[in-house]
Each structure stands twice: as structure tokens, then as C-alpha cells.
Amino acid sequence: MSELARTHTCGALRAADRGGEATLLGWVHRVRDLGSLIFVDVRDRFGVTQVVARDDEALLAQAKRLRPEFVVGVSGTVELRSDETLNRKLATGEIEIAAREITVLSEAKRPPFQIADETPVSEDIRLKYRYLDLRRERMQRNLQLRHRVVMAARRSLDEQGFLDIETPILAKSTPEGARDYLVPSRVHPGEFFALPQSPQIFKQILMIAGMDRYSQIARCFRDEDLRADRQAEFTQIDLEVSFATPDLIFGIVERLMQAIFAANDESIEIPFPRLPYAEAIAKYGSDKPDLRVEMAISDVSGVFADSRFRVFGDTVAGGGVVRAFVVPGAARFSRRQVDDLVAEAVELGGSGLVWVRRAPDGKVQSSILKAAGPEPLGRVLAAVGAGADDLALIAAGAPDDASRLLGQLRLRLARRQGLIDERRRVLTWVVDFPMFDWSETEGRYMAMHHPFTAPRDEDRDRLDTDLGAVLAKAYDLVLNGNEIGGGSIRIHDQPLQRRIFELLKISDEDARSQFGFFLEALEYGTPPHGGIALGVDRIVALLAGEASIRDVIAFPKTAAAADLMTGAPSSVSPRQLRELHLHTNS
RNA sequence: GGGGUCGUAGUUCAGCUGGUUAGAACGCCGGCCUGUCACGCCGGAGGUCGCGAGUUCGAAUCUCGUCGACCCCGCCA
């Protein structure tokens with residue numbers, strides 16, 4: 001049977017091939033046994049082809065042996081199917097192979113779930129038997145899409161003058177950022193490599209090294225808790241550009257994204273709109289707004305500035321805001337539904353939620369009707385543009401808190417009300433991020449993006465006066481409410497980089513031991529530069545319509561960062577631990 | 001670290017306020033069938049109800065613990 005040579009894949013044959021000889025190799029997808037007429041669907045990555053066994057007793061006996069997932073070789077004649085028997089659902093449905101010989105190359109145990117069936121299977125079983133799960137059409141489709149996306153990205157970057165360069169996986173641990181995955185060194189007792197959270201410093205050094213434009217499909221590692229869109233290791237399209245401005249990066253990435261969408265037969269318009277961070281927070285309560293949804297948040301503080309409703313009046317007097325948005329068509333919500341919304345707001349950490357609407361007779365209804373009176377509430381409805389069928393939701397508090405709360409409700413309601421058009425793709429740049437973020441737990445400012453991000457030129461002076469007000473040359477790329485990329489223009493002069501470390505309360509000593517090599521490199525002629533990293537897993541998941549990036553990764557880990565197929569992580573031998581100079585408590 | 005959902009046949013699920021023999025569909029096994037393509041028809045096998053305690057005359061069902069999967073908050077420069 002080793003001489004069995006494949007002449008066609010299972011997705012190749014068409015009517016034009018009729019009369020020819022063919023040998024197919026693949027998996028038994030389904031068997032339909034009609035007695036002295038047996039159909040066998042043979043499957044491979046390229047498709048499914050129907051094989052028919054008839055007339056020959058030995059051949060029929062052999063076909064009767066076949067079970068799902070056996071690996072077989074089939075030789076026979078390509079026959080045209082009659083009009084009544086062709087299958088339009090199948091690319092190869094115009095023909096079938098009249099088998100002359102069927103060879104079993106490999107038998108298969110009964111699989112724990114059906115391959116030839118898209119019925120959902122619990123994820124732990126899929127992950128344990130990943131090799132079977134990957135045979136299913138959905139995963140075949142997803143991984144083929146991922147391949148096309150990566151190929152398109154590489155091609156686009158090559159065309160745009162990028163050099164693909166690999167950076168180390170065994171790298172250096174640095175403070176700030178996510179928790180590192182560590183790798184103990186055998187030859188340096190007590191010392192560790194860290195797996196890269198991103199190739200950040202290496203790619204900047206490549207710019208200093210004169211590589212001009214670097215790109216890489218880079219694996220990154222972060223030892224933080226996982227989510228549907230976060231894995232312990234994930235893949236980025238990482239790039240860095242010398243002599244960069246934000247506009248230059250945006251253009252490069254917009255062309256790249258066009259190529260990526262084209263790989264999924266989708267066209268997108270460029271350039272993408274740009275939304276300042278402050279506006280994103282104010283209007284949508286999120287730094288990654290889903291712009292498929294209208295329902296923008298607006299400020300109604302003025303209405304309540306001197307309101308007799310004390311809670312709002314005091315909030316405004318104390319420097320807070322009152323903000324609101326309209327839920328279209330939600331005036332007909334039952335009292336129960338509206339009360340549930342208020343409870344939901346509290347669960348989300350809000351101090352409360354006020355609603356206003358008009359009853360069918362036009363009278364104002366509201367949770368604070370008695371306290372505030374109908375007049376200001378009517379003005380709120382007018383101010384936010386609420387129609388007769390609409391419901392207005394109002395929250396008060398610190399500006400960002402009020403908007404973030406409303407932003408979360410806005411998204412949940414949009415989903416629940418079916419207001420999101422799943423076929424739409426809305427891409428936007430979010431720009432002008434703050435440089436720094438005050439950390440209560442650390443008691444200091446932290447870099448919002450990372451410590452190598454350059455401040456906007458016009459904000460340089462504020463580094464000395466008002467750190468919280470300094471905006472950065474940082475940007476995120478957002479697709480349908482998902483952050484799919486982020487980057488910045490970097491600091492390229494050593495004194496400013498030192499100054500930023502200082503502001504971040506990274507001591508001189510730490511800066512020298514953690515980043516000394518980098519600070520030194522900056523002194524040898526650093527071109528202005530900047531870049532971005534795009535999340536491959538998230539992009540492919542969105543293109544594929546998958547809710548979790550696990551479904552576009554061949555061998556993903558569970559939410560507890562375990563590999564259910566291999567059993568990793570696992571204990572190692574005492575000898576391995578000794579060699580690595582490690583002791584464990586377990 | 002915290003909150004939530006789930007765990008019953010190979011798979012997906014049902015199983016009420018605790019009650020005698022735990023069901024269905026698909027799959028699997030056997031039989032019949034020459035135009036099926038989710039083939040059809042007939043018959044059959046298949047269960048530590050995740051695991052461990054507890055409450056009770058009696059637990060798949062109630063309680064606690066534990067393990068696992070998933071979702072969310074924190075975290076993720």
C-alpha cells in the first residue's frame with residue numbers, strides 16, 4: 001500500500017474530470033450502507049468526495065468494514081452523477097468515484113465526538129482531543145483563514161519595505177507591565193530568563209541598528225489571568241518604523257489591514273477615523289468603543305446644576321458630572337426590566353442609575369420624579385434627544401466613572417436589544433492617550449502604554465507641572481469594540497527617557513540594571529521611531545466570527561493556563577530541579 | 001484574589017418541591033435495503049449521575065468541601 005499515490009485531493013474533482021482515473025487518500029467522513037450499494041464520503045483538508053462501491057462482492061465487503069475516521073485510499077473512475085443524484089451542497093457534488101479498490105491505511109477507534117457533525121462539544125473534551133477537534137470543518141476553516149491572514153500580512157509588510165527579523169524568546173525580565181514567565185538558567189545559578197511580553201526593546205534597538213523597518217509575527221507571553229480574548233501566549237504582528245510619525249504608522253497599518261481583510265474576501269475603507277481618547281471615554285465610556293452602536297453619552301450636568309434633586313446638584317457642585325444616553329425603543333420596558341437595569345448598574349460598581357421616559361399619555365415618568373420634579377426631567381429628555389418610545393438612563397459621579405458605567409450599560413443593552421449589526425466592521429484609531437495613569441496600589445504614576453512612549457510635543461512642559469494632563473503619541477486600533485492593536489512613537493533621546501523613568505519612580509539604580517544597555521544604546525545616534533503591535537489571534541477571531549481566540553489557535557490553553565492535551569504544566573524530575581538550582585514547596 | 005454558570009450514557013441534553021427500574025436525540029453494535037448524501041427501517045448494548053463528606057428512612061435532586069471547564073471583575077505597561 002505504500003505505492004498508493006494520491007492523484008487528487010478530496011476537494012479537487014469536477015465534472016470536467018469525468019471518465020478519468022483517480023486515487024484519493026483521506027479519512028472516512030460518513031458511510032451510507034444501502035446493502036449492495038455503499039456510499040463512502042472521503043474527507044481531507046480540501047473537501048469531501050463521494051465514493052461509491054457496488055457490483056463487486058469483495059469490494060462491498062471491504063466497504064462494509066469502514067468506520068468513521070478510518071484512513072483509506074480509494075482508486076476508481078470519476079463518474080458524472082445524474083441530475084437527480086448530484087449534490088449541490090458539495091463542491092465535488094457533480095461527480096463521484098466508482099471504487100475499484102479500497103485500501104484501509106489506518107483503522108480508528110470510535111472518536112469521543114463526531115467529526116462529521118458541527119454539534120457543539122464541551123470545550124474540555126475538544127481540547128483534550130485537539131487533533132480530532134481540528135479535523136472538524138469549523139477549525140479547518142479557522143486555521144486556513146489564519147494562514148491566509150498571516151500570509152497577507154507578511155506580503156503587505158514586505159511590499160512596504162519591512163525586514164522580518166526574529167528576536168529572542170529567552171530574554172530579560174524587566175519591571176513594569178505584566179507578570180513575566182520565567183525560565184531558570186542552569187549555568188547561572190539563581191538567575192532567570194524571562195519570556196518576552198513583547199519584543200519592545202529589541203525592536204527599538206533594531207531601529208538604532210539602522211534596520212529602518214522591522215516586522216515579525218511574534219509570540220508574546222504574559223503570566224496574567226486569562227479571558228476569552230487573552231491567552232498566556234499569543235501572537236502579534238509586531239512592527240517598528242524609523243523616522244516615523246503617527247500618520248506614517250497609520251498609513252502603513254491601514255494598508256496592512258486592507259490586505260488582511262482582503263484575505264477574508266472583505267474590503268474596508270481607509271483611512272480609519274481617529275477618535276481622541278478623552279472623547280471616546282466621554283461619549284462611549286470606553287477606550288475601545290464599539291462604534292457599530294449609536295447611543296452616545298452626552299453631558300446633562302447643566303440641567304441639574306441648580307436642581308432641587310440634591311444628589312445630582314451636589315455632584316455637579318463638587319466638580320462631578322451628570323451624563324445620560326438614550327436606549328431607543330426602551331420606553332416600553334416593564335417596571336421590572338427598568339428596576340433590573342438599576343440593579344445591574346449597582347452590580348457594575350455604579351452608585352446608582354436614574355431613568356426617565358414618557359408614559360403613553362406624554363407625562364414624564366422617572367425614578368426621581370418626586371425628588372426632581374417633571375420639569376428638569378423633561379429638559380433632560382429633550383437634551384439627549386429621547387423620543388416618545390425611548391428611555392433615557394442617567395448616571396452621576398466623577399466624569400470618567402459616570403461615562404464608564406453608562407458605557408457598559410450601553411454595550412449590554414445594545415447586545416440584548418439586538419442593535420448590533422454583526423456583519424458590520426467599524427475600525428477606528430483611538431489617539432491622544434494619557435501618558436500616565438495614577439496607581440492607587442503603587443502610590444505613583446504608571447505608564448499607561450509603556451515607559452518608552454513619547455509625550456506629545458505640546459505637552460512636554462506639563463511633565464514638570466501636571467503629569468496627569470500629559471498626553472502621549474500613543475494610539476490603539478479598535479475594531480467593533482475590540483482592541484486589536486496598540487503602539488506609539490517612542491522616545492529617542494536619552495535625557496527624556498531618563499526623565500520618564502524618574503517620573504515613573506524607577507530609581508537610577510533600577511533603570512541602570514534593568515535598562516542600562518538600552519539607555520546606552522540611545523546615546524549612539526537613535527533615529528526617531530515608532531511602531532505598533534496587532535493582535536493576530538483577536539483579528540482572526542473577529543474575521544472568523546468566533547467569540548474566543550481559542551478557536552483560532554491550534555493548541556490553546558484553558559482559562560487556568562493549562563494544556564489539556566499534553567497535560568502541561570507538569571512536575572519535573574528532582575534531577576532537573578537540581579540542575580536548575582531550584583527548590584519547590586510541593 | 002473575588003463573583004457567577006455548568007458538570008447525568010461516547011456526545012448534546014431532560015430529569016419538578018428528595019421517593020422504588022435515571023430518560024431522549026445523535027453516535028455505537030447487529031440485521032434488512034441498488035442512488036444515498038444528516039439515507040431509511042427493525043433490533044440491541046451502553047450510566048461510579050465529576051469526586052468526597054454531611055442531612056435524611058431514602059440523595060442525580062438538599063448542604064458543605066473539592067476538582068475541572070467556561071464567563072465576568074481585579075489583573076493584563
Worksheet item: Can you name the closest pair of heavy atoms from A/Leu504 and A/Ala447 and give their distance?
Response: CD2-N, 3.3 Å

Worksheet item: OP1 or OP2 of B/U12 less than 4.0 angstrom from a side-chain nitrogen or oxygen of A/Ser122, does that happen here?
Response: yes

Fill in: Any A/Arg45 side-chain heavy atom under 4.5 Å of A/Thr9 side chain
no

Fill in: Nucleotide nearest A/Arg227 (side chain, heavy atoms from C-beta), chosen from B/A69, B/C75, B/C71
B/C75

Worksheet item: Salt bridge or not for A/Lys473 and A/Asp459, using N-O below 4.0 Å?
Response: no

Discussion item. Quiz question: going by heavy-atom distance under 3.5 Å, is there a donor-acceptor pair between the base of B/G35 and the side chain of A/Glu96?
Written reply: yes

Practice prompt. List in numerical order all residues of residues 404-412 of chain A for which some heavy atom is under 4.0 Å away from an atom belonging to RNA chain B.
Written response: none

Discussion item. Strictly by Watson-Crick or wobble contacts shorter than 3.5 Å, is anything paired with B/C29, and which nucleotide is it?
Written reply: B/G43

Worksheet entry | Residue-phosphate contact under 4.0 Å: A/Lys128 side-chain N/O, B/G68 OP1/OP2 | no

Practice prompt. Select base, sugar-phosphate, or nothing to describe what A/Asp55 touches, counting heavy atoms under 4.0 Å on all strands.
Written response: base

Discussion item. In this structure, how many angstroms lie between the C1' atom of B/A38 and the CD atom of A/Glu118, rounded?
Written reply: 12 Å

Fill in: Atom CD of A/Glu118 with >12 non-hydrogen neighbours under 6.0 angstrom
yes

Worksheet, complete the sentence: The Watson-Crick or G-U wobble partner of B/C64, with both key distances under 3.5 Å, is B/G52

Discussion item. Whether the side chain of A/Arg110 and the base of B/C29 hold a donor-acceptor pair under 3.5 Å is what I'd like checked.
Written reply: no

Worksheet item: Checking only heavy atoms, does the side chain of A/Asp124 share a donor-acceptor pair with the base of B/G7 at less than 3.5 Å?
Response: no

Fill in: Whole angstrom value for the distance that separates C1' of B/G35 from CZ of A/Arg54
9 Å

Practice prompt. Return the value, rounded to whole Å, for the distance between atom CD of A/Gln114 and atom C1' of B/C28.
Written response: 10 Å

Item to complete: Determine the contact category for A/Thr174: base if any of its heavy atoms lies under 4.0 Å from a base atom, sugar-phosphate if only primed atoms, P, OP1 or OP2 are that close, otherwise nothing.
Response: nothing

Discussion item. Among residues at least two apart in sequence or on other chains, which ones pass salt bridge (charged side-chain N to carboxylate O under 4.0 Å, His left out) with A/Asp339?
Written reply: A/Arg335

Worksheet item: Within less than 4.0 Å of OP1 or OP2 of B/U36, is there a side-chain N or O belonging to A/Arg81?
Response: no

Practice prompt. State whether the distance check finds a donor on one side and an acceptor on the other, under 3.5 Å, for side chain A/Arg230 versus base B/C75.
Written response: yes

Fill in: Separation of the C1' atoms in B/G50 and B/C70, to the nearest angstrom
16 Å

Practice prompt. Hey, could you give me the OG1/CZ distance between A/Thr453 and A/Phe436, rounded to the nearest 0.5 Å?
Written response: 9.5 Å

Discussion item. For the base of B/U11 and the side-chain ring of A/Phe113, does the geometry meet a stacking cutoff of under 5.5 Å between centres and under 30° between planes?
Written reply: no

Worksheet entry | Spacing of A/His529 atom NE2 and A/Lys203 atom NZ [to the nearest 0.5 Å] | 9.0 Å

Item to complete: Considering only atom C1', compute the distance from B/A14 to B/A24 and round it to an integer number of Å.
Response: 7 Å

Worksheet, complete the sentence: From CD of A/Glu94 across to P of B/G35 the rounded distance in Å is 22 Å

Item to complete: Rounded to whole angstrom, note down the P distance from B/G74 over to B/U17.
Response: 36 Å

Item to complete: Describe the nucleic acid contact of A/Ile500 in one word from base, sugar-phosphate, nothing, applying a heavy-atom distance below 4.0 Å.
Response: nothing

Practice prompt. Give the nucleotide from the list B/U34, B/U11, B/C71 with an atom nearest to the side chain of A/Ala228.
Written response: B/C71

Discussion item. Any base atoms under 4.0 Å from A/Arg550, or only sugar-phosphate, or nothing? Heavy atoms, all strands.
Written reply: sugar-phosphate

Fill in: Under 4.0 angstrom between A/Arg30 side-chain N/O and B/C39 OP1 or OP2
yes

Item to complete: Decide whether A/Gln231 and A/Asp537 meet the rule of one side-chain donor and one side-chain acceptor closer than 3.5 Å.
Response: no

Discussion item. Taking only the C1' atom of each, what is the distance from B/C13 to B/G18 in whole angstrom?
Written reply: 22 Å

Fill in: RNA chain B: 5'-proximal contact among A/Ser548 and A/Leu226 (nearest heavy atom)
A/Ser548

Discussion item. If I pick the C1' atom on B/C49 and the same atom on B/U8, what distance separates them, to the nearest angstrom?
Written reply: 4 Å

Item to complete: Would you mind telling me which residue lines up with the more 5' stretch of RNA chain B, A/Asp117 or A/Leu564, judged by nearest nucleotide?
Response: A/Asp117

Fill in: Residues, nucleotides or ligands: over 12 heavy atoms within 6.0 Å of A/Lys128 NZ
no

Worksheet item: Between B/G35, B/A69, B/U11, which nucleotide gets closest to the side-chain atoms of A/Ala560?
Response: B/A69

Fill in: Any A/Arg136 side-chain nitrogen or oxygen under 4.0 Å from OP1 or OP2 of B/U11
no

Item to complete: Would you mind classifying the nucleic acid contact of A/Ile125 as base, sugar-phosphate or nothing, using non-hydrogen atoms under 4.0 angstrom?
Response: sugar-phosphate

Worksheet entry | Any strand: nucleotide that pairs with B/A24 via Watson-Crick or wobble, under 3.5 Å | B/U12

Practice prompt. Under 4.0 Å between any heavy atoms, over every strand shown, what does A/Pro112 touch: base, sugar-phosphate, or nothing? Just pick one.
Written response: sugar-phosphate

Worksheet, complete the sentence: When rounded to whole Å, the CD to C1' distance for the pair A/Glu69 and B/G10 reads 14 Å

Worksheet item: Which part of the nucleic acid, if any, lies within reach of A/Glu123 when heavy atoms closer than 4.0 Å are counted: base, sugar-phosphate only, or nothing?
Response: sugar-phosphate

Discussion item. Under 4.0 Å, counting only non-hydrogen atoms across every strand here, what does A/Thr119 touch: a base, just sugar-phosphate, or nothing?
Written reply: nothing

Worksheet item: Do you know which two heavy atoms are closest between A/Arg219 and A/Thr235, and how far apart they sit?
Response: NE-OG1, 3.5 Å

Worksheet entry | Donor-acceptor pair present, A/Asp33 side chain and B/C39 base, under 3.5 Å | no

Item to complete: Please assess A/Gln216 against A/Thr167 for the test side-chain hydrogen bond (donor to acceptor under 3.5 Å, both in side chains), listing each intermediate value before the final yes or no.
Response: CA-CA 8 Å; A/Gln216 182 182 194; A/Thr167 54; 3.0 Å; yes

Worksheet entry | Check: B/G35 base within 3.5 Å donor-acceptor of A/Arg32 side chain | no

Worksheet, complete the sentence: Of the candidates B/A69, B/C76, B/G27, the side chain of A/Arg222 sits closest to B/C76

Worksheet item: Which value, in whole Å, describes the distance between the P atoms of nucleotides B/A9 and B/U61?
Response: 15 Å

Discussion item. As a quick check of understanding, evaluate side-chain contact (heavy atoms from CB on, under 4.5 Å) for A/Phe555 and A/Met565, giving each step before the final call.
Written reply: CA-CA 8 Å; A/Phe555 302 105; A/Met565 184 180 74; 3.8 Å; yes

Discussion item. Pairing check on B/A69: which nucleotide meets the Watson-Crick or G-U wobble criteria with it, both distances under 3.5 Å?
Written reply: B/U5

Worksheet item: Using atom P of each nucleotide, how far apart are B/A45 and B/G10 to the nearest Å?
Response: 15 Å

Practice prompt. Considering only atom C1', compute the distance from B/G15 to B/G47 and round it to an integer number of Å.
Written response: 14 Å

Discussion item. Which nucleotide, if any, forms a Watson-Crick or G-U wobble pair with B/G58, using both distances under 3.5 Å?
Written reply: none

Worksheet item: Starting at NZ of A/Lys64 and ending at C1' of B/U34, how long is that distance when rounded to a whole Å?
Response: 11 Å

Worksheet item: Looking only at side-chain N and O atoms, does A/Ser36 come under 4.0 Å of OP1 or OP2 in B/U34?
Response: yes

Fill in: Nearest-angstrom distance from the residue atom CD of A/Glu224 to P of B/C76
6 Å

